[in-house]
J.: 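Sharing a structure below in structure tokens format, with a few things to ask.
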2 protein chains.
Amino acid sequence: MRRLSERIDREANAVYAARGIDFEQRWYGTLSLLDERGPLSVTEIARALNITHVAVSQARRSLTAAGLIASTLDPADGRRRTLHLTDAGAAFVARLWPLWDALNAVGDAINREAADPSAALDRLEGALDRMSLSERVERLLPRSI
Amino acid sequence: MRRLSERIDREANAVYAARGIDFEQRWYGTLSLLDERGPLSVTEIARALNITHVAVSQARRSLTAAGLIASTLDPADGRRRTLHLTDAGAAFVARLWPLWDALNAVGDAINREAADPSAALDRLEGALDRMSLSERVERLLPRSI
DNA sequence: CATAACTCCGTAAGCACTTACGTTGATTCG
DNA sequence: CGAATCAACGTAAGTGCTTACGGAGTTATG
């Protein structure tokens with residue numbers, strides 16, 4: 001599973017590289033979200049993407065270094081940093097959308113071709129939600145607690 | 001996908017921790033293989049597990065530090081290091097088998113419960129083998145080459 | 001039989017996340 | 001209204017892999 005997800009990352013990277021685009025995978029979520037929904041705080045992005053605020057913060061750092069986004073301190077709440085696309089970032093995203101659309105279309109196509117592995121993963125996640133791994137193991141091989 | 005695989009890793013870790021066993025996920029492949037098939041070289045293990053020799057080498061380092069395996073230089077071929085379980089390693093593995101069996105059984109059960117996501121992932125991999133991501137994108141959005 | 005080509009294995013660094021932990025503001029409440 | 005709690009965010013370090021690279025030993029070839 002990890003191997004497969006690494007393979008997909010790698011192949012996606014190759015797509016960008018083949019077109020001479022300097023792009024990091026982890027940029028996608030933040031960039032597309034900022035483009036679609038406007039300025040957002042780090043935590044808002046984290047919640048929308050279902051990752052930790054730390055991952056967003058790291059993406060922020062590299063996106064800022066690349067000059068694609070900038071942040072302003074929220075005047076109403078000194079803890080928050082509101083992230084927004086710079087002009088260069090907006091142009092970059094505009095250039096990338098066709099490629100992202102293509103990638104998403106390819107993802108859908110593969111998903112159909114392979115009989116919906118994505119739904120299968122959702123079911124797996126659901127199974128773990130119903131009963132955790134540890135609980136299942138405990139039930140099969142009681143020992144601790 | 002990455003998130004889910006990380007979740008599984010985490011839950012599996014919790015299983016070991018709950019039983020007070022000091023265990024690293026990446027040990028599993030090498031330990032179980034050495035126990036089932038006897039002394040093996042780094043590259044042999046890598047091929048059997050379908051990972052890089054580097055990953056095996058890193059596991060080797062940490063397993064050696066933990067005193068669970070040891071290596072001898074192959075007298076016939078000076079490049080090879082043959083890895084084998086130490087006495088402590090063999091005892092550790094013996095103690096762990098029931099847990100591994102339980103984990104595998106739980107994996108099978110979840111797999112059935114969730115309508116075989118594992119097969120779905122194999123199909124996904126197969127689809128990528130038939131045509132790579134870049135090729136699919138190229139076909140949809142010709143640009144480069 | 002020297003040299004080119006290949007194989008085994010190691011270290012370093014990167015990737016995209018995570019947890020652990022601390023700092024600085026905002027909010028609540030007695 | 002001051003103290004305790006909570007929320008937003010940052011850095012450091014870890015995880016389990018990967019690619020890039022290099023050294024040293026083995027095999028093939030002209």
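We use all heavy atoms of the structure for the numbers below, so side chains are in, but hydrogens, waters and symmetry mates are not. Throughout, a chain's letter reflects where its sequence line sits, starting with A, and its residues are numbered from 1. Fair warning: this is a prediction, and the values are worked out from it, not measured in the lab.
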J.: Chain B on DNA chain C: first and last contacting nucleotide, 5' to 3', under 4.0 Å to a heavy atom?
T.: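 That gives a stretch of C:dT7 to C:dT19.
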
J.: Could you pull out every donor-acceptor pair under 3.5 Å between side chains of residues 60-69 of chain B and any protein atom, sequence neighbours left out?
T.:
unit_1  : atom_1 : unit_2  : atom_2 : d
B:Arg60 : NH2    : B:Ser57 : OG     : 3.3
B:Ser62 : OG     : B:Glu24 : OE1    : 3.4
B:Ser62 : OG     : B:Trp27 : NE1    : 2.6
B:Thr64 : OG1    : B:Arg60 : O      : 2.7

J.: Contacts to DNA chain D from residues 61-75 of chain A, heavy-atom cutoff under 4.0 Å, which residues?
T.: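 Heavy-atom contacts with DNA chain D come from A:Arg61.
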
J.: Show the numbers, then the answer: is there a side-chain contact (heavy atoms from CB on, under 4.5 Å) between B:Leu121 and A:Leu121?
T.: CA-CA 9 Å; B:Leu121 288 178; A:Leu121 288 179; 4.3 Å; yes

J.: Hey, which of these two, B:Asp77 or A:Arg79, hits DNA chain C nearer its 5' end, going by closest nucleotide?
T.: B:Asp77

J.: Heavy-atom contacts under 4.0 Å between residues 49-59 of chain B and DNA chain D, which residues?
T.: B:Ile51, B:Thr52, B:Val54, B:Ala55, B:Gln58

J.: Between A:Arg80 and A:Glu6, just flag the one whose closest nucleotide in DNA chain D comes earlier from the 5' side.
T.: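 Taking each residue's closest nucleotide, the earlier one in sequence belongs to A:Arg80.
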
J.: For a 4.0 angstrom threshold against heavy atoms of chain A, report the outermost contacting nucleotides of DNA chain D in 5' to 3' order.
T.: D:dA7 to D:dT19

J.: Please list, chain by chain and in numerical order, all residues satisfying side chain to side chain donor-acceptor pair (under 3.5 Å) with B:Arg2, sequence neighbours excluded.
T.: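 So B:Arg2 forms a side chain to side chain donor-acceptor pair (under 3.5 Å) with A:Asp9.
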
J.: What contact category does A:Arg81 fall into here, base, sugar-phosphate, or nothing, at under 4.0 angstrom with non-hydrogen atoms?
T.: sugar-phosphate

J.: Under the side chain to side chain donor-acceptor pair (under 3.5 Å) rule, collect the residues that match up with A:Gln58, sequence neighbours excluded.
T.: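 For A:Gln58, no residue satisfies side chain to side chain donor-acceptor pair (under 3.5 Å) once neighbours in sequence are set aside.
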
J.: Identify, with sequence neighbours excluded, every residue that meets side chain to side chain donor-acceptor pair (under 3.5 Å) alongside B:Glu11.
T.: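 B:Glu11 satisfies side chain to side chain donor-acceptor pair (under 3.5 Å) with B:Arg7 once adjacent residues are dropped.
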
J.: Linking I/L/V/M/F/W/Y whenever their side-chain heavy atoms sit closer than 4.5 Å, directly or via other members, would B:Val54 and B:Val56 fall into one cluster?
T.: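 No, no single cluster joins them.
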
J.: Apply the test side-chain contact (heavy atoms from CB on, under 4.5 Å) to residues A:Glu125 and B:Arg3: give CA-CA distance (whole Å), side-chain angles for both, the deciding distance (0.1 Å), then the verdict.
T.: CA-CA 10 Å; A:Glu125 193 158 21; B:Arg3 211 183 59 238; 3.3 Å; yes

J.: Could you give all pairs that pass the side chain to side chain donor-acceptor pair (under 3.5 Å) test and reach residues 93-105 of chain B, with sequence neighbours left out?
T.: B:Tyr16-B:Trp100, B:Asp35-B:Trp97

J.: Grouping I, L, V, M, F, W and Y whenever their side-chain heavy atoms are under 4.5 Å apart, do B:Leu73 and B:Ile45 come out in a common cluster?
T.: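 No, it is not one cluster - the side chains of B:Leu73 and B:Ile45 are not joined through contacts under 4.5 Å.
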
J.: Under a single-linkage definition using a 4.5 Å side-chain heavy-atom cutoff for Ile, Leu, Val, Met, Phe, Trp and Tyr, are A:Met131 and B:Ile8 assigned to the same hydrophobic cluster?
T.: no

J.: Taking a hydrophobic cluster as the set of Ile, Leu, Val, Met, Phe, Trp and Tyr residues connected by side-chain heavy atoms closer than 4.5 Å, whether directly or through intermediates, do B:Leu96 and B:Leu49 fall within one such cluster?
T.: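 Same cluster: B:Leu96 reaches B:Leu49 through Ile, Leu, Val, Met, Phe, Trp or Tyr contacts under 4.5 Å.
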
J.: For the pair A:Glu135 and A:Arg130, find out whether any cationic side-chain nitrogen is under 4.0 Å from an anionic carboxylate oxygen.
T.: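 Looking at A:Arg130 together with A:Glu135, the answer is no, because their closest N to O distance does not fall below 4.0 Å.
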
J.: Can you list everything that forms a side chain to side chain donor-acceptor pair (under 3.5 Å) with B:Asn13? Sequence neighbours excluded, please.
T.: none

J.: What is the nucleic acid contact for A:Arg10, judged by heavy atoms within less than 4.0 Å: base, sugar-phosphate only, or nothing?
T.: sugar-phosphate

J.: Within the supplied structure, the quantity of interest is the number of heavy atoms (other residues, nucleotides, ligands) at a distance under 6.0 Å from B:Asp22 CG; does it exceed 12?
T.: no

J.: In residues 24-35 of chain B, what residues come within less than 4.0 Å of DNA chain D, judged by heavy atoms?
T.: B:Gln25, B:Arg26

J.: Under 4.0 angstrom, heavy atoms only, what part of the nucleic acid is B:Arg7 near: base, sugar-phosphate, or nothing?
T.: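 Nothing: the residue B:Arg7, judged by heavy atoms under 4.0 Å, touches no strand.
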
J.: With DNA chain C as reference, determine whether B:Arg47 or A:Ala76 sits nearer its 5' end, using the nearest nucleotide of each.
T.: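 It is B:Arg47 whose nearest nucleotide is closer to the 5' end.
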
J.: Taking the side chain as every heavy atom from C-beta outward, state whether A:Asp74 and A:Asp77 have any atom pair closer than 4.5 Å.
T.: yes

J.: Sort and list the pairs that fulfil salt bridge (charged side-chain N to carboxylate O under 4.0 Å, His left out) and have at least one residue in residues 40-54 of chain A, not counting sequence neighbours.
T.: A:Glu44-A:Arg80

